[in-house]
Amino acid sequence: MKIAKTLGQFIIEKQADFPYAKGELSRLLRDIGIAAKIVNREVNKAGLADILGEAGTINIQGEGQKKLDVYANEQFISALKHGGECCIVASEESDEYIPIDSEISKDAKYIVAMDPLDGSSNIDVNVAVGTIFSIYHRKSTGGKATIDDVLQRGTEQVAAGYVIYGSSTMLVYTTGKGVNGFTLDPSIGEFCLSHPDMKIPKDGVIYSINEGYYAHFPDGVKKYIKYCQVEDAKTNRPYTSRYIGSMVADVHRNLIKGGVFIYPVTASAPNGKLRLVYECNPMAFIVEQAGGKATNGYDRILDLEVKELHQRSAIFIGSENMVNKAEEMMACFSPQLTKKNFEGLVELQ
Ligand code: P6P
């Protein structure tokens with residue numbers, strides 16, 4: 001039986017892709033993989049441990065934190081602190097960025113932005129949740145790294161990845177040279193290469209959007225939804241609607257099967273709901289590396305200016321041809337939203 005390649009073996013093998021790297025990025029990815037295995041253990045037994053339900057605290061997003069949100073946040077921060085390769089952690093669960101100034105991290109040159117447990121409202125009902133992470137080089141030199149080291153454009157990412165805690169647990173990541181997927185083999189406690197060189201189909205028949213907000217969508221989104229529902233054998237329509245409510249799960253499905261995930265601006269989320277730094281940018285990097293596309297309906301996600309840590313953005317991400325069609329509808333029916341940002345959004349209805 002062929003022994004699958006473990007994440008650790010793969011990372012070291014690929015280290016040769018970075019002639020100047022002295023192993024720091026490899027160790028950083030290893031640290032993330034270790035934390036993911038620890039979080040996976042708790043997610044998988046959440047119903048048994050006293051770790052379900054509300055933590056009784058509110059995060060900066062104003063969202064009630066689940067006990068597992070807090071636990072996952074602590075595990076990833078701890079792994080990054082003790083790994084010594086990271087000088088700042090920015091997390092959806094923490095209001096401010098977290099400087100890592102331990103002795104072991106004094107020469108650390110990487111920044112990690114993460115959503116430690118995305119989709120956590122699904123935990124109590126046993127639906128797939130995920131971790132999303134984004135890695136940058138520290139830009140500043142000398143002294144302590146600052147928030148400016150975090151607020152870098154998505155194009156500056158050194159690596160990005162996600163963990164999906166689903167029917168199996170997978171870690172999918174890119175360092176800018178393609179996308180590879182690893183499935184956790186619980187019998188040996190290792191992530192093993194299961195999806196080498198992942199490519200998203202250029203077309204698909206799955207559209208993923210929360211149609212409950214239909215009344216508050218921009219006209220361009222409404223038109224695209226109707227386009228998906230029209231009978232047309234030549235273009236394999238009507239498409240299938242699939243919405244899990246967990247970005248990692250919806251994007252991962254589309255990465256494998258083809259499809260488009262859309263979270264547009266709405267009346268209640270005039271700048272979009274998903275966060276640019278630790279959700280949109282890392283997922284956009286991964287999907288682009290797999291041959292897909294990610295925009296805010298008009299502009300490439302990775303090119304967007306990053307002004308603040310918890311900045312939100314609309315996102316249209318997935319199969320290139322499907323994103324292009326949705327963008328056509330936005331340009332045609334919601335041109336007023338073509339501004340470089342959505343502050344002072346005009347009426348959506
Ligand atoms: P809605 C989960 O809370 C999340 O941040 C993403 O994982 C998911 O795609 C989205 O929000 C779901 O939002 O408004 O459809 O419940």
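All ligand and atom numbering here is 1-based and tracks the order in the structure. These figures come from a predicted structure and were not determined experimentally.
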Quick note, salt bridge (charged side-chain N to carboxylate O under 4.0 Å, His left out) partners involving residues 169-179, not counting sequence neighbours, are none
Taking the six-membered ring for Trp, are Y239 and Y227 parallel (under 30°), tilted (30 to 60°) or perpendicular (over 60°)?
perpendicular
Establish, for the pair K222 and Y214, whether the NZ or CZ atom is under 6.0 angstrom from the six-membered ring centre and no further than 45 degrees off its axis.
yes
Which pairs, with at least one residue in residues 308-322 and sequence neighbours excluded, count as a salt bridge (charged side-chain N to carboxylate O under 4.0 Å, His left out)?
K202-E320
The answer, listing residues by chain and number that come under 4.0 Å of ligand 1 through any heavy atom, is D118, G119, N210, Y213, Y243, G245, S246, M247, F261, Y263, K273, L274, R275, E279
Can you list everything that forms a side-chain contact (heavy atoms from CB on, under 4.5 Å) with H82? Sequence neighbours excluded, please.
S78
Plane angle bin for Y243 and F261 - parallel if under 30°, tilted between 30 and 60°, otherwise perpendicular
parallel
